[in-house]
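These notes are about the structure you will find just below.
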Amino acid sequence: VCVNAACHTRVPKQFEHMHFPVKKKECRPCHEQLEDRHEFKVANSRTMCLDCHDELEEQGANVHKPAAGDCLDCHRPHGSETAKLLNAKSQKDLCFRCHDDKIMAQAYKHGPASAGACTMCHSPHASDNKKLLRLPGLELCGQCHEQLAKGIEGAQQVHKPVSDGCTGCHDPHSGPFPKMLPGEDEKLCAKCHDKVVALTQSAKVPHKPATTGVKCQNCHTPHASNAAPLLKKAQVDLCVGCHNEGQEINGKKLLGMREFLKKNRDWHGPIRDGNCAGCHQPHGSENHRLLKRTYPPEFYSNFEDANYGLCFGCHEAALVQQKKTRTLTGFRDGDRNLHFLHVNKEKRGRTCRACHEVHASARPLHIREEVPYGTWLLPINFKKTATGGTCSPGCHEAVKYERGDKGKKR
């Protein structure tokens, strides 16, 4: 009746998507007749729409502005060529009537955003989450990135941007670099870890993994891990993964640590604790061998406290400072401190590694079997006794020492 050759001729167009009352040719659910006259009014669109779409009435604390006002800002009342009766050619076209399309201007685009499927991530009406997100950040991303979310779930270490919702590193619409990242390599990491990145770039002694290839991600995972701080493996396993075979640096061959640690089970404390970084700075250092504190690189070195910052970070400096002692060390002849004797020579003071292996040894107290001395592996020939010991290294004849405190073993 309402639609004929003379009246409302534009309404009956057969849209691909028809509003249900129109499809049923029922106008009065939406148009209210005034008295007996042929006059009709349309009620407030939101109030009227909620009579049927009551599930939209209570959806969240944050309400989309059009949904709080006039539904016809986004929907056609009779029909549309677009699903959900949208009054635009596509969902994306509709959203960009209000929202700046510059969010899609970068080279790398998020799939849903590129496809114009805005409502995959955003609720068009209301939500309890910021930005009208359908779910909180990580939970939302995990709806598609299932394998990644599964790896994060239950991990002992989760990167803070991940916990905060992923958008600290990834732009949810588009970005200038792959994976919608705002920067490449360490430039992205420097947004938060600026001091660490500055160290990798300026260190006198650089660590190769921190400066080549994928840099930070050579050792760290960007999302979650069971090894602090977000390492790909437990620290010792990660380090030995590269230092598993002897490497040559500046003309010198380094130990192949994997086999060395297997053969020598008396490990230095930091290695027992799984903490290579207790002695080495993994990003870069001003000291020889990436050491965190000072330690002489030479075999012989005059003794100064400042040169042994690494050792004295854990061990008492008095061990080599006091000429006489009966308590500081078992390596003494009576009360003559033999640590002091070896280290405090005026011209040829021995560094700690002249007798001790810094990573591991087959002997207690990390006593070495032999020590590199130029091209010669100089033997130590140390033998411990109940009251002292003997040694006959390549540098002097056999010497015996007795502590003079019989009955006490050290």
Step-by-step side-chain contact (heavy atoms from CB on, under 4.5 Å) determination, T294 to N287: CA-CA 6 Å; T294 53; N287 301 309; 4.0 Å; yes

Selection residues 388-399 - residue pairs positive for salt bridge (charged side-chain N to carboxylate O under 4.0 Å, His left out), sequence neighbours left out: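 Every candidate salt bridge (charged side-chain N to carboxylate O under 4.0 Å, His left out) pair involving residues 388-399 fails, so no pair, neighbours aside, qualifies.
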
Any pair counted as salt bridge (charged side-chain N to carboxylate O under 4.0 Å, His left out), so long as it reaches residues 95-113, sequence neighbours left out: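 Qualifying pairs: none.
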
Check this for me: [X], atom [atom1], are more than 12 non-hydrogen atoms of other residues, nucleotides or ligands nearer than 6.0 Å?
X: K323; atom1: NZ; value: no
X: R265; atom1: CZ; value: yes
X: K232; atom1: NZ; value: yes
X: M120; atom1: CE; value: no

Less than 4.5 Å apart, any side-chain heavy atom of [X] and any of [Y]?
X: P77; Y: L72; value: yes
X: S392; Y: V399; value: no
X: C311; Y: Y295; value: yes
X: H53; Y: E55; value: yes

Exam field: side chain [X] to backbone [Y], donor-acceptor pair closer than 3.5 Å:
X: H280; Y: R289; answer: yes
X: N87; Y: D73; answer: yes
X: Q235; Y: A277; answer: yes
X: T325; Y: L328; answer: yes
X: S202; Y: A198; answer: yes
X: T167; Y: H170; answer: no
X: R293; Y: C279; answer: no
X: S225; Y: L230; answer: no
X: D171; Y: S174; answer: yes
X: N62; Y: N129; answer: yes

Side-chain donor-acceptor pair present, Q281, H283, cut-off under 3.5 Å: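 Their side chains do contain a donor-acceptor pair, which is all the 3.5 Å distance test asks for.
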
Atom pair NE2/CD1 of H356 and I380 - distance to nearest 0.5 Å: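 So the NE2 of H356 and the CD1 of I380 are separated by 9.5 Å.
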
For [X] versus [Y], what's the shortest heavy-atom pair and its separation?
X: S123; Y: A126; value: OG-O, 2.8 Å
X: A203; Y: S285; value: CB-N, 3.5 Å
X: G394; Y: L378; value: N-CD2, 3.7 Å

Verdict with supporting geometry, K400 and E402, salt bridge (charged side-chain N to carboxylate O under 4.0 Å, His left out): CA-CA 7 Å; K400 181 180 180 180; E402 290 285 344; 3.7 Å; yes

Name all pairs fulfilling the side-chain hydrogen bond (donor to acceptor under 3.5 Å, both in side chains) condition that reach into [range], sequence neighbours left out, sorted by first residue then second.
range: residues 203-223; result: E186-K215
range: residues 150-162; result: K160-D164
range: residues 296-321; result: Y300-R348, D305-Q321

Residues in ring pair (Phe, Tyr, Trp, His ring centres under 6.0 Å) with [X], at least two apart?
X: H268; result: H366
X: F260; result: none
X: H19; result: none
X: Y373; result: F299

Test log, rule side-chain contact (heavy atoms from CB on, under 4.5 Å), inputs C239 and M257: CA-CA 9 Å; C239 296; M257 291 302 298; over 6 Å; no

Residue pairs fulfilling ring-ring contact (aromatic ring centres under 6.0 Å, His included) with at least one residue in residues 171-195, sequence neighbours excluded: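 ring-ring contact (aromatic ring centres under 6.0 Å, His included) check on residues 171-195 returns no pairs.
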
Residue pairs passing the ring-ring contact (aromatic ring centres under 6.0 Å, His included) test where at least one lies in residues 320-343, sequence neighbours excluded: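 Non-adjacent pairs meeting ring-ring contact (aromatic ring centres under 6.0 Å, His included): F331-H339, F331-H342, F331-Y401.
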
Test side-chain contact (heavy atoms from CB on, under 4.5 Å) applied to E81 and F15, step by step: CA-CA 6 Å; E81 297 301 329; F15 297 103; 3.8 Å; yes

L261 vs V240, side-chain contact (heavy atoms from CB on, under 4.5 Å): CA-CA, chis, key distance, verdict: CA-CA 10 Å; L261 292 176; V240 172; 4.2 Å; yes

E184: partners by side chain to side chain donor-acceptor pair (under 3.5 Å), with sequence neighbours left out: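 Side chain to side chain donor-acceptor pair (under 3.5 Å) check on E184 returns nothing, list empty.
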
E370 and R368 ion-paired at < 4.0 Å: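 Between R368 and E370 there is no salt bridge, as every charged N stays at least 4.0 Å from the carboxylate O atoms.
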
